[in-house]
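Report on the structure given below.
For clarity, every value in this text was computed on a predicted model and none was experimentally measured. Each ligand, and each atom within it, is numbered from 1 in the order the structure gives.
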Amino acid sequence: MRTETPIMIRLEDYRPSDYLIGTVALDVSLHPTATRVRAELTLAPNPAGRAGAPLVLDGDDLALVGLALDGVPLAAEAYTATPSALTLPNPPAAPFRLTIETEIDPTANTKLMGLYRSNGVYCTQCEADGFRRITYFLDRPDVMAVYTTRIEADRAEAPVLLGNGNPGQAGAAGPGRHYAVWHDPHPKPAYLFALVGGRLDHVRRGFTTSEGRAVELAVYVEPGKAGRADYALDAIARSMTWDETAFGRAYDLDVFNVVAVSDFNMGAMENKGLNIFNDRYVLASPETATDADYAAIEAIIAHEYFHNWTGNRITCRDWFQLCLKEGLTVFRDQEFSSDMRSRAVHRIGEVRTLRARQFPEDAGPLAHPVRPRQYAEINNFYTATVYEKGAEIVRMLRTLLGAPAFRAGMDRYFADNDGRAATVEDFLAAFAATSGRNLDAFARWYERPGTPRVAVQGVYDAQARSYRLSFRQSLPGAPDAPPLVIPVSLGLVGAGGPLADAHSDRVRDGVFVLDAPDDTLTFTDVSAPPVPSLFRGFSAPVRIEMELTDADRLALLRHDTDAFNRWQAAQSVAMRLLVQGTRSGALPEAAARPFTTALGAFLDGEALVDPAFAALVLALPSEADVANEIGSEIDPDAIHAARHALRRQLGSGLADRLHRLREALADAPDTPFRPDAEAAGRRALRNAALDLLAAADPAAGSALAGTQMATATTMTDRLAALAVLAQTPGPAREEALARFAETYRAEPLVLDKWLAIQAGISEAGTLDRIRDLQAHPTFSMTNPNRVRALIGSFSMGNPTQFNRLDGAGYALVAETVLALDRTNPQVAARLLTAFGSWRMLEPGRRERAKSSLTEIRGVAGLSRDVGDILARTLAGSTNP
Ligand code: TRP
Ligand code: ZN
């Protein structure tokens, strides 16, 4: 059987709902396999809808138990109920009340959408369309209602009962049972509904908002883990304060609860007043969490909290507007993290993610606009493009308007759209209104897939002391596309430092706006031949094409005032060496020497001033980065070899310095653990040094790593050492891996790191190792974190082995996708996106990848999730 032709949902087909729902009274009686849900909805025809239309409520896998209209049971001929819809062909023309009873089985719910159990804890996930797995409903974000939820459960099984909004009555409900009522006064779409029931410990604190509201904040975790919830709790309070100051947004309920569960399809979910999290983004202790974990917890706590205004108070009219809440909220969490940590370091991290995840997506068969125009399965559009490129669009808007005008536009957006389900047009209209600017051309960023290219050429006229920069923008595959509005933050740098006198009247506050296909910019009073520093802070998500010499770039590394471009300069030099090394199959030492020398000088001057930044400058582009740069006929083994050669050369060329740095950055004994950016930066540079030293001298590196494993007091240091040990075959490695597993045998989140390190080993034996690990007690196909740690890390983080010449890497991933598709299609589909760049490979691997994809396609009964990704991956870009 072939996958059926999917039904496409199209933006142009949007029409308002024929009915609206005013209030929802839910009564959920929790039971492991037979949970009863009684939903009482007040409905009315929507004046903006079609009069007299049938009422069609969405369902997914539902069983109807009872149905009444205005309190009277409905006759069988008055409705039809299937697992996927409840239809009343002739509903009343006046407001009416519908009482729907369904029975669901949370234990059998392996999709982790709707109501399910995670380690015995009842929880829900309703975005994008999971509420319809709980009861029949108008499950679309522009239907917003006020919810009251009564939750009932066995007291022993679920002593904690949480819902949206504020807590109401609670008490006994028959033998062994109890109940709690929650009321959420803010109208919301069904995707923001949530409830939790289970045995949970918690930590809590008070918070008083800028408006004087007293709020009780709490983080709920599995019993015994409350000691690991403090950092998340603190991050909530810091997020709340930050949103008040940075955006004037205060919290609007009496409680704010976060619950950590261990089985979760994505990172976390912003349900109103009751955020539910993947536990890996809540739980942290120095013994179990790395610095990266702490940073991710802080960022995701902030992200979900910020959704309270950008997503919840103002929600999306339809799922095509997903970037309205996600791109904007990512921008907000990025700004928060930048304020909490180092702005430059954070920006580099953001751009690394964008280039590693969004650029390849935009260059491959799954490319789509930030606001897609059609979809077969919305869950496949929670993508790097919607999230990260969506955030870049908001950032460009701020760059174009300036911070004060941007804030004014945001204020206007909140004022005009509070309580509404809005669109991208509503968002842009607020900025157009407050700034007086026409943003029609800027809006093209939402419509055009693909990463724009900006080609730049510079000509210096010594006599006229002028410098001319000409720009040309283009979109690959769309030669006739109208131009985008591209903010170019820029400046000129000379051999001895910034050329402060150089100026151009086309550059305002350091920004030149490129809004034509080509344009030319002339600087005057340029006292010396300059090196242009373009797209400072990565001011637009484009690929820049400019012929600069390595000497020019190394001058930028030395003298630019923009930290991002200093880092970029080092990356570009490294990238050129890596591409050259990949193509020629060799990387002569002489070719890399100027780079090594420049890095040495850089480290001498600045490593101890800003270790976090220095660690980023030392980190070479990843193998995947190099593949994306080369773009076609990829041979992952050649890339790996080139990168290894450059690491080895840097490691030996800088060895003395790296050793000294490790000593200078060592913590004094009894230094208390701090997870902040400064302490994390020292660890990052120490470990970057270790990695390069080990590349140059594996035996000495393994010895250093062994000592570090034994003496480390943080998970960051222990894991960095293990990662180094893992690169060298032999008993030391196997012993270290075994000891680590033994130490953390009761810590699944730590074992995930152990799984990931092994899945990433660039050796032919890795495939067998993974097969063994699939049988390890910690591994489970039903827990998304375990699957991502082992199989996801392999497919996305081990280019040489995933792309094995014999196709066995593809086969392993394809096999996992198929197995998982039977229980959790959403996670299966995500895993399948690892094949997204298959057309870039050299012909042999390309054929192997294709045959794995075709094999999946031959399997009967694929989910819509997997079928959709598969069809697009095989078809090429069909979603312009
Ligand atoms: N809205 C969530 C966020 O970005 C993400 C999300 C969408 C999600 N669908 C989900 C999380 C399904 C878990 C499961 O914050
Ligand atoms: Zn989000």
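When only non-hydrogen protein atoms are considered, atom 12 (C) of ligand 1 lies nearest to Gln125 NE2, 3.2 Å. For atom 9 (N) of ligand 1, the closest non-hydrogen atom on the protein side is Met266 CE, 3.3 Å. For atom 1 (N) of ligand 1, the closest non-hydrogen atom on the protein side is Glu127 OE1, 2.5 Å.
Residue contact check: Glu326 has heavy atoms under 4.0 Å from atoms 1 (N), 2 (C), 3 (C), 4 (O) of ligand 1. Every atom of ligand 1 is numbered from 1 in the order shown, and the set under 4.0 Å from a heavy atom of Ala268 is 2 (C), 3 (C), 5 (C), 11 (C), 15 (O). Near Lys325, meaning under 4.0 Å from one of its heavy atoms, ligand 1 places the atoms 1 (N). Those atoms of ligand 1 with a heavy atom of His303 less than 4.0 angstrom away are 3 (C), 4 (O), 15 (O). Those atoms of ligand 1 with a heavy atom of Met269 less than 4.0 angstrom away are 1 (N), 2 (C). For ligand 1, the atoms closer than 4.0 angstrom to any heavy atom of Glu304 are 3 (C), 15 (O). Ligand 1 places these atoms under 4.0 Å from at least one heavy atom of Phe264: 11 (C), 13 (C).
For the 3.5 Å distance criterion, the side chains of Lys272 and Asn308 qualify, holding a donor opposite an acceptor. Donor-acceptor pairing under 3.5 Å is lacking for the side chains of Asp752 and Asn785. Side-chain contact check for Thr310 and Thr329: at least one donor-acceptor pair (N or O, by modelled atom type) lies under 3.5 Å. Remark: the Ser338 side chain and the Arg347 side chain contain no N/O donor-acceptor pair separated by less than 3.5 Å. A side-chain donor from one of Glu361 and Thr385 sits under 3.5 Å from a side-chain acceptor of the other. In this structure, a donor-acceptor pair under 3.5 Å is present between the side chains of Asn265 and Asn824. Between the side chains of Glu335 and His346, no donor-acceptor pair is found at a separation under 3.5 Å. At a cut-off of 3.5 Å, with distance as the only test, a side-chain donor of Asp821 or Ser863 sits close to an acceptor on the other residue. Using modelled atom types, one finds a donor on one side chain and an acceptor on the other under 3.5 Å when comparing Tyr231 with Glu298.
Distances from the Zn ion (ligand 2) to the N/O/S atoms of Glu326 are shortest for OE1.
The angle His307:NE2 - the Zn ion (ligand 2) - His303:NE2 amounts to 100°, with values rounded to 10 degrees.
No salt bridge links Glu244 with Arg249; every basic N to acidic carboxylate O contact stays at or beyond 4.0 Å.
The shortest N/O to N/O separation between Tyr387 and ligand 1 falls below 3.5 Å. Backbone and side-chain nitrogen or oxygen atoms of Glu270 are examined, and one is located within less than 3.5 angstrom of a nitrogen or oxygen of ligand 1. For ligand 1, the polar-atom distance check finds no N/O of Tyr382 at less than 3.5 Å from any of the ligand's N/O atoms.
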